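Below is one structure, written out as structure tokens; the observations come after it.
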Amino acid sequence: MLIFHRVQDLIKALQNLRDHSIGFVPTMGALHEGHLSLIRASKQENDCTVCSIYVNPTQFNNSEDLIKYPRNIEKDCQLLQSENCDILFAPTDAEMYPQGFHAELIKIHFGTIETILEGAYRPGHFQGVGLIISKLFNIIHPTRAYFGLKDLQQCFIIKKLVSDLSYRIELRFCPTVREKDGLAMSSRNALLSDEARQLAPQIYQTLLQVQKALEQGYSTQGAIHFGKHFLLQQKEFQLEYLEIVNFETFEFLESVQKNTKIAICLAAWLKNVRLIDNLVFELR
Ligand code: PAF
């Protein structure tokens, strides 16, 4: 695996691959099976797979969260090597945001989508994601880019970015990978204490409860109420949101129609760790 830390070195190396397909997997490191499933998907359909590891400061609205974000570049390199990833791009902050770069001057807005759910609780987050992904797309010019559906709203934002800015990139959104007990894989899981780790699968259980309630004919409000009650039986959780949205448009749903893809989205703090998850399904 070739490793690059500088933009210009990566660009030079990719110039030799112009006639080849390039699959791109952007990450913030602390890699887990979810990331590795994206690498595998990319390896299957591209000549060359590039993974980036960069903890992007412009998408953190909370400086403590940025400092705490798990980092383990050595283990990440080993995992990528074992998946035969071709190129790792691991830039420094100075490389991505050099002196004189004014992130606040380049603001990419996504409309109301950035004011709900994650957007409401992490103001500026999606603008930071849009900025870094645009920069990485411009550096790498991938044929295809791979994202995990665990960050469902991020997938929607990236789709909008590619469409609004006319990127000629095929997007692939891959299923959430879960631990045996249902907990969605996330780099942040590494921050959970043993006790919190035991409780964390309740998040997925809550999503399943809401799904069950909808299938039993509960209204959306009724199902949400039921789900909140279920999760908050455990005093350690602090719920930020539990909502039911249309999977295609991300609009909140007053009621759920049959044969419409819906997503139940949840964000909660478990002690001092923020976890998100979602469940996508169609009512039959
Ligand atoms: O999902 C992530 O890890 C990040 O938001 C991404 C897409 C790598 C941008 O920094």
Side-chain angles (χ1 to χ4, degrees), residues 4 7 10 22-39 41-42 49-63 65-73 75-76 79-80 85 87-93 95-97 101 103 106-108 110 113-114 117-119 121-140 142 144-162 165 167 169-177 184-191 265 267 273-278:
F4 297 99
V7 173
L10 176 65
I22 297 177
F24 174 42
V25 181
T27 81
M28 299 207 296
L31 301 181
H32 50 69
E33 271 299 313
H35 296 115
L36 301 185
S37 74
L38 303 181
I39 300 283
S42 169
T49 291
V50 179
C51 175
S52 66
I53 294 184
Y54 179 58
V55 183
N56 171 38
T58 63
Q59 71 187 74
F60 285 81
N61 55 311
N62 174 332
S63 52
D65 193 23
L66 173 62
I67 294 165
K68 251 181 24 191
Y69 198 84
R71 292 163 172 85
N72 197 342
I73 191 78
K75 184 167 166 233
D76 289 348
L79 288 170
L80 290 173
C85 179
I87 295 179
L88 166 62
F89 179 47
T92 57
D93 284 340
E95 198 60 23
M96 291 316 284
Y97 299 114
F101 182 95
I106 308 174
K107 282 254 189 289
I108 305 172
F110 297 94
I113 181 78
E114 65 178 53
L117 306 175
E118 286 302 282
Y121 285 91
R122 303 184 69 189
H125 169 66
F126 288 125
Q127 290 167 12
V129 171
L131 178 58
I132 194 65
I133 290 298
S134 301
K135 281 172 71 72
L136 291 166
F137 280 175
N138 289 330
I139 294 165
I140 295 166
R144 301 181 183 90
Y146 297 78
F147 295 87
L149 280 165
K150 164 157 176 293
D151 293 306
L152 189 64
Q153 201 175 356
Q154 174 169 276
C155 292
F156 186 95
I157 292 278
I158 302 291
K159 213 154 93 181
K160 192 151 174 21
L161 179 83
V162 163
L165 298 184
Y167 281 109
I169 297 171
E170 280 177 46
L171 294 174
R172 297 280 192 262
F173 299 125
C174 302
T176 301
V177 179
M185 295 219 180
S186 162
S187 305
R188 290 175 195 270
N189 292 353
L191 302 172
C265 303
V273 183
R274 187 174 185 275
L275 298 172
I276 65 170
D277 199 355
N278 67 78

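As the structure lists them, so they are numbered: ligands from 1, and atoms in each ligand from 1. Model, not experiment: these values are computed from the prediction.
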| field | Ring centre gap for Y167 and F137 strictly below 6.0 Å | value | yes
| Under the salt bridge (charged side-chain N to carboxylate O under 4.0 Å, His left out) rule, what pairs show up with a residue in residues 152-161, not counting sequence neighbours? | K160-D164
Heavy-atom contacts with [X] under 4.0 Å: which atoms of ligand 1 show up? List them by number with element.
X    : answer
Q59  : 4 (C), 5 (O), 9 (C), 10 (O)
T27  : 8 (C)
I132 : 9 (C), 10 (O)
M28  : 3 (O), 4 (C), 8 (C), 10 (O)

| task | Please check if atom NZ in K68 has more than 12 non-hydrogen atoms from other residues, nucleotides or ligands closer than 6.0 Å. | result | yes
| field | Closest non-hydrogen atom pair between P70 and A30, with its separation | value | O-CB, 3.6 Å
| field | Identity and distance of the protein heavy atom lying nearest atom 1 (O) of ligand 1 | value | Q154 NE2, 2.8 Å
| task | Please list, chain by chain and in numerical order, all residues satisfying ring-ring contact (aromatic ring centres under 6.0 Å, His included) with Y69, sequence neighbours excluded. | result | F60
